[in-house]
Peer 1: 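The following block contains the structure, expressed as structure tokens.
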Amino acid sequence: MALLDQDPSVKVIVVISKPPAKEVRNPVMDLLRAAHKPVVVVFMGERPDHHEEGLYQAYTLEETAHLAVDLLNGQQPTAVAEELPVPDVKLAEGQKNIKAYYSGGDPGL
């Protein structure tokens with residue numbers, strides 16, 4: 001974190017992580033707050049309820065990207081719609097569900 005904060009070519013720091021354990025949450029957040037550059041953080045699956053000056057908390061990877069790009073462009077970050085559109089899917093007669101396999105990466109929590 002310190003190296004990113006000191007690197008003049010880094011304009012915005014983005015942190016993508018699973019939620020920290022309760023005993024390390026405050027030290028992690030304090031470290032992020034101490035940065036001299038804007039920080040965007042997403043703890044996958046956690047829905048934040050606020051931003052702080054210089055520390056922007058996102059809910060999804062899409063929101064994380066929007067916030068980071070806004071900050072990189074010197075703009076005030078804008079909210080991303082909380083509800084994503086649900087595709088209109090028609091099941092075949094007698095079909096009760098859709099089965100799929102997922103492998104690797106982020107399942108879009």
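All values reported here derive from a predicted model rather than from experimental measurement. Every heavy atom of this structure was used, including side-chain atoms; hydrogens, water molecules and symmetry mates were not.
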Peer 1: Return the minimal non-hydrogen interatomic distance between D70 and P77, and the atom names on each side.
Peer 2: OD2-CA, 3.5 Å

Peer 1: Looking at H50 and Q57, what are the two nearest heavy atoms and their distance?
Peer 2: O-NE2, 3.7 Å

Peer 1: If you group Ile, Leu, Val, Met, Phe, Trp and Tyr by side-chain heavy-atom gaps below 4.5 Å, do L31 and V10 land in one group?
Peer 2: yes

Peer 1: Tell me whether L61 shares a hydrophobic cluster with L72, the cluster being built from Ile, Leu, Val, Met, Phe, Trp, Tyr side chains joined at under 4.5 Å.
Peer 2: yes

Peer 1: Which heavy atom of V14 sits nearest to which heavy atom of A68, and what is that distance?
Peer 2: CG2-CB, 3.7 Å

Peer 1: Verify the neighbour count for atom CD of E53: are there more than 12 heavy atoms of other residues, nucleotides or ligands below 6.0 Å?
Peer 2: no

Peer 1: Are V12 and V15 in one and the same hydrophobic cluster, where Ile, Leu, Val, Met, Phe, Trp and Tyr link if side-chain heavy atoms are under 4.5 Å apart?
Peer 2: no

Peer 1: Are L71 and K11 packed together at the side-chain level, in the sense that at least one heavy-atom pair is separated by less than 4.5 angstrom?
Peer 2: no

Peer 1: Could you give the distance from CE (M44) to CD (E46), rounded to the nearest 0.5 Å?
Peer 2: 11.0 Å

Peer 1: Just so I know, are the side chains of L3 and D7 near enough to count as touching, which here means a heavy-atom distance under 4.5 Å?
Peer 2: no

Peer 1: Less than 4.5 Å apart, side chain to side chain, heavy atoms only: is that true for I13 and M1?
Peer 2: yes

Peer 1: Dump the intermediate steps for side-chain contact (heavy atoms from CB on, under 4.5 Å) on E63 and V40, then the final yes or no.
Peer 2: CA-CA 10 Å; E63 182 180 21; V40 180; over 6 Å; no

Peer 1: Looking only at heavy atoms, which two atoms of V28 and F43 are closest? And how far apart?
Peer 2: CG1-CZ, 4.2 Å

Peer 1: Hey, any chance M29 and I16 share a hydrophobic cluster, counting ILVMFWY side chains that come within less than 4.5 Å of each other, even indirectly?
Peer 2: no

Peer 1: As a quick check of understanding, evaluate side-chain contact (heavy atoms from CB on, under 4.5 Å) for H66 and Y56, giving each step before the final call.
Peer 2: CA-CA 11 Å; H66 281 280; Y56 301 86; over 6 Å; no

Peer 1: Any non-hydrogen side-chain atom of D5 less than 4.5 Å from a side-chain atom of K37?
Peer 2: yes

Peer 1: Measure the shortest side-chain to side-chain distance between R33 and V39 over non-hydrogen atoms and say whether it is less than 4.5 angstrom.
Peer 2: no

